[in-house]
Structures are given as structure tokens and as C-alpha cells.
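What you see below is based on every heavy atom in this structure, not just the backbone, and it leaves out hydrogens, waters and symmetry mates.
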Amino acid sequence: MSSPPAHLVLPGMARITVEAADEQAVLAVARRLIACHNLTGASVVFRVPGEDGVRVQMYGDATPLAT
């Protein structure tokens, strides 16, 4: 069993995976999520062997922003 990436052991951090049938759709959804949430940019579009569709991953911080 491998250990989680360092940024996922911090409180409030999460990895978000978006799946869609095609690259245009997965990137459009990722851009909309990034625009309104505290997320990193989307990863390179990738496929999982043996599964349909494409995916991107982003990382988010659920820690409240200072006002």
C-alpha cells in the first residue's frame, strides 16, 4: 500500500476527479469548477485503461478563506 501524496495529508485538502465522455466536456466542467472554488488547475487529460471516457484531477482546499 502506498502512502498518500504529501498535500493530501494536510487538513482540508482533497483531490477532485472529473470524468466525462470527451476532452472538451471534461475541461469545460473543470474550468467552471475552478472559476468558483478554491481549486488548482486541471491536470493533463488522461484515460484509465479498460474504462470509458477521460478524466482530469484537481486539488482543493476546504479551509475557509480569511475575510
At what distance, to the nearest 0.5 angstrom, does CE of M58 lie from CG of L33? 5.0 Å
If every non-hydrogen atom of V48 is compared with every non-hydrogen atom of R55, which pair is closest and at what distance? CG2-NH1, 3.2 Å
Show every donor-acceptor pair shorter than 3.5 Å between a side-chain atom in residues 39-46 and any protein atom, with sequence neighbours excluded, or say none if there are none.
residue : atom : partner : partner atom : Å
T40     : OG1  : Y59     : N            : 2.9
S43     : OG   : Q57     : N            : 2.9

Do I34 and V18 share a hydrophobic cluster (ILVMFWY, side-chain heavy atoms under 4.5 Å, transitive)? yes
Taking only residues two or more places apart in sequence, or in another chain, which ones meet E23 in a salt bridge (charged side-chain N to carboxylate O under 4.0 Å, His left out)? none
